[in-house]
Amino acid sequence: MEDFKVQSMLLTGGDRGIGLGLALKEMSHRKSKGCTLVVLQLDVTDPESIKAAAQKVEEKVGGSGLNLLINNAAIACNTTLETEDAQNMAAVYATNTIGPLLMCQAALNMLTRCLALRYGLCGILSVSLHPGGVKTDLGVEQEELSLASSAKGMVEVLSRLSARDNGTFLDWKGQAVPW
Ligand SMILES: NC(=O)c1ccc[n+]([C@@H]2O[C@H](COP(=O)([O-])OP(=O)(O)OC[C@H]3O[C@@H](n4cnc5c(N)ncnc54)[C@H](OP(=O)(O)O)[C@@H]3O)[C@@H](O)[C@H]2O)c1
């Protein structure tokens, strides 16, 4: 998988924060080669919404398939031990843990045929990326890394990924983060 190239990417939570930064950076990265941005409505906690979005993706990418999924959508609750409750915890789990699982399952069906033919299903790279501490609605107040630096770093890390990175946890500079 040394020559992995992003051809079609599905990014969740792209309307603000780090997702928006990543989408804009990726667009400018590919400007010279030409690229199309398609905005879809998607709730990662709702299987019907995922199904509808997957159908739209398939209509767009057709036979050339999808070859990168970025599970970026997430929520955080500003709670303490005293104020946390079951409803909050369930919402965080549904969005941040079950959501990416449902998205991965949907994306498996949209894998690019070339990738599947060339590498087989074992050719899927799965990497966790830490964006750094960025001041967004989710990030805490004191975070100092700019959105632009985080997005630029992550796009560069993505473009350098190879088979040996599979299963790793990397930060926005490409450095390994202990699990
Ligand atoms: N900021 C940091 O310092 C930091 C540090 C470590 C990790 N991260 C990770 O980076 C990622 C992005 O965080 P962020 O700081 O950019 O957060 P953010 O500004 O709060 O943005 C969160 C994004 O997730 C979307 N989202 C939330 N629930 C969703 C759902 N059910 N379905 C679809 N989309 C949903 C939001 O969409 P709406 O606009 O529709 O709500 C929004 O686009 C997260 O995975 C977070 O854990 C961030």
Side-chain angles (χ1 to χ4, degrees), residues 6 8-29 37-58 60-61 66 68-80 83-110 125-161 165 167-179:
V6 176
S8 48
M9 157 179 121
L10 175 58
L11 166 78
T12 63
D15 64 331
R16 62 188 166 93
I18 291 167
L20 180 59
L22 264 176
L24 295 176
K25 190 68 213 169
E26 185 63 28
M27 293 272 296
S28 73
H29 189 67
L37 173 71
V38 179
V39 179
L40 299 173
Q41 198 165 10
L42 170 69
D43 178 352
V44 299
T45 65
D46 176 1
E48 285 308 312
S49 168
I50 294 176
K51 207 165 135 189
Q55 221 160 23
K56 286 186 186 143
V57 170
E58 266 174 342
K60 282 284 165 203
V61 297
L66 184 74
L68 177 65
L69 166 67
I70 301 185
N71 274 313
N72 164 78
I75 57 169
C77 295
N78 256 338
T79 48
T80 62
T83 59
E84 185 59 291
D85 61 32
Q87 209 178 351
N88 269 341
M89 288 181 78
V92 170
Y93 191 73
T95 311
N96 301 3
T97 305
I98 302 174
L101 169 73
L102 297 178
M103 289 305 300
C104 287
Q105 287 172 339
L108 271 181
N109 297 326
M110 298 183 265
L125 274 185
S126 175
V127 176
S128 296
L129 266 188
H130 194 297
V134 186
K135 198 169 155 188
T136 60
D137 292 341
L138 187 149
V140 289
E141 274 299 296
Q142 301 90 321
E143 304 295 12
E144 277 179 0
L145 180 63
S146 76
L147 194 51
S149 304
S150 169
K152 181 172 181 287
M154 286 195 287
V155 167
E156 282 168 8
V157 172
L158 285 174
S159 69
R160 290 197 303 265
L161 286 182
D165 299 307
T168 56
F169 186 8
L170 305 172
D171 69 11
W172 60 284
K173 290 179 282 190
Q175 288 170 349
V177 179
W179 277 106

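Just follow the structure's listing: the first ligand is 1, and inside any ligand the first atom is 1. All residue numbers refer to positions in the sequence shown, counting from 1.
- Distances between N or O atoms of Gly19 and those of ligand 1 include no value under 3.5 Å.
- Close approach of ligand 1 to Gly133 is summarised as follows: ligand atoms under 4.0 Å from at least one heavy atom of the residue are 3 (O).
- Here the heavy atom of the protein found nearest to atom 8 (N) of ligand 1 is Pro131 CG, 3.4 Å.
- Those atoms of ligand 1 with a heavy atom of Asp43 less than 4.0 angstrom away are 30 (C), 31 (N), 32 (N).
- No side-chain donor-acceptor contact under 3.5 Å links Asn88 to the backbone of Cys77.
- In this structure the side chain of His130 never reaches within 4.5 angstrom of the side chain of Trp172, judged on heavy atoms.
- Geometrically, ligand 1 and Arg16 share a nitrogen or oxygen pair separated by less than 3.5 Å.
- Using 4.0 Å as the threshold, Ala94 has no heavy atom nearer than that to any atom of ligand 1.
- Considering backbone and side-chain N/O of Asn72, one or more are found under 3.5 Å from N/O of ligand 1.
- Thr168 contributes no side-chain N or O that, together with a main-chain N or O of Leu170, makes up a donor-acceptor pair within less than 3.5 Å.
- The protein atom (non-hydrogen) at minimum distance from atom 27 (C) of ligand 1 is Ala74 O, 3.5 Å.
- Residue Gly132 has at least one heavy-atom neighbour below 4.0 Å for each of these atoms of ligand 1: 2 (C), 3 (O), 4 (C), 5 (C).
- Near Asp137, meaning under 4.0 Å from one of its heavy atoms, ligand 1 places the atoms 19 (O), 20 (O).
- To the nearest 0.5 Å, atoms CG (Leu66) and NZ (Lys60) are separated by 14.0 Å.
- Proximity of Leu10 to Met103: side-chain heavy atoms (C-beta onward) are separated by under 4.5 Å at one or more points.
- Counting only heavy atoms of the protein, atom 29 (C) of ligand 1 lies nearest to Thr95 CG2, 4.0 Å.
- Neither the backbone nor the side chain of Lys135 has any atom closer than 4.0 Å to an atom of ligand 1 (non-hydrogen atoms only).
- With atom 46 (C) of ligand 1 as the reference point, the heavy atom nearest to it among Ile70, Asp46, Asp171, Leu138 is part of Leu138.
- A distance of 10.5 Å separates CD in Glu84 from CG in Asn78, rounded to the nearest 0.5 Å.
- In terms of protein heavy atoms, atom 16 (O) of ligand 1 is closest to Ile18 N, 2.7 Å.
- When the heavy atoms of Asp15, Leu11, Leu147 are ranked by distance to atom 38 (P) of ligand 1, first place goes to Asp15.
- Ranking the protein heavy atoms by distance from atom 33 (C) of ligand 1 puts Leu42 O, 3.1 Å first.
- At a threshold of 4.5 Å between non-hydrogen side-chain atoms, the residues Ser49 and Gln41 do not count as touching.
- Nearest protein heavy-atom neighbour of atom 15 (O) of ligand 1: Thr136 OG1, 2.4 Å.
- Taking every non-hydrogen atom of Thr45 and a distance limit under 4.0 Å, the qualifying atoms of ligand 1 come out as 31 (N).
- Looking at Leu20, Asn71, Ile18, Leu22 one by one, the single match for side chain to side chain contact (heavy atoms under 4.5 Å, CB included) with Leu11 turns out to be Leu22.
- Heavy-atom distances between Thr12 and ligand 1 stay at or above 4.0 Å for every pair.
- A donor-acceptor distance shorter than 3.5 angstrom exists from the side chain of Asn72 to the backbone of Thr12, with no hydrogens or angles considered.
- Rounded to the nearest 0.5 angstrom, Ser8 OG and Leu69 CG are separated by 11.0 Å.
- Of all the listed residues (Val44, Leu145, Val134), Val134 holds the heavy atom that lies closest to atom 1 (N) of ligand 1.
- A donor-acceptor pair under 3.5 Å is formed between the side chain of Thr95 and the backbone N or O of Ala91.
- Side-chain atoms of Thr136 never come within 3.5 Å of backbone atoms of Gly17 as a donor-acceptor pair (strictly under, hydrogens ignored).
- Annotation: Gly13 places an N or O atom under 3.5 Å from an N or O atom of ligand 1; distance criterion only.
- Using a 4.0 Å cut-off to heavy atoms of Ile75, the atoms of ligand 1 that qualify are 27 (C), 28 (N).
- Summary of contacts: the protein heavy atom closest to atom 26 (N) of ligand 1 is Ala73 CB, 3.7 Å.
- In terms of N/O distances under 3.5 Å, ligand 1 is not approached by Asn71.
- For CE of Met27, the number of neighbouring non-hydrogen atoms (other residues, nucleotides, ligands) closer than 6.0 Å is greater than 12.
- Annotation: Tyr93, atom OH; neighbour count of heavy atoms from other residues, nucleotides and ligands within 6.0 Å does not exceed 12.
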